[in-house]
Amino acid sequence: MREIISLACTDCKRRNYSTMKNKKNDPERLERRKYCRFCRKHTPHKEVK
């Protein structure tokens, strides 16, 4: 049930991180606050397809 997903910065829209999530436990899209090396600050990162 685990699937590899990409996390993209909400400011610059670049895909910086990849992680795994369980689609059964988390059917909605993930959002995490992570460091973006392009923006050089912590920004919200959302799951993209």
side-chain contact (heavy atoms from CB on, under 4.5 Å) between Cys36 and Arg14, intermediate numbers included: CA-CA 9 Å; Cys36 178; Arg14 292 194 182 180; 5.8 Å; no

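- Taken from CZ in Arg32 to OG1 in Thr19, the straight-line distance is 8.0 Å, to the nearest 0.5 Å.
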Evaluation steps, side-chain contact (heavy atoms from CB on, under 4.5 Å), between Asn16 and Lys34: CA-CA 9 Å; Asn16 301 328; Lys34 299 182 83 55; over 6 Å; no

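- In this structure, CZ in Phe38 is found 13.0 Å from CG in Asp11, a value given to the nearest 0.5 Å.
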Please report, to 0.1 Å, the donor-acceptor pairs under 3.5 Å made by any side chain of residues 20-28, with sequence neighbours excluded.
from, atom 1, to, atom 2, distance (Å)
Lys21, NZ, Asp26, O, 3.1
Lys21, NZ, Glu28, O, 2.9
Lys21, NZ, Glu47, OE1, 2.9
Asn22, OD1, Lys24, N, 3.0

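- Atom CZ in Arg37 sits 12.0 Å away from atom SG in Cys9 (nearest 0.5 Å).
- Think of Tyr35 as one node in a network of Ile, Leu, Val, Met, Phe, Trp and Tyr side chains linked at under 4.5 Å; its network also takes in Ile5, Leu7, Tyr17, Leu30.
- Put simply, CZ on Arg33 and NE2 on His42 are 7.0 Å apart, with the number rounded to the nearest 0.5 Å.
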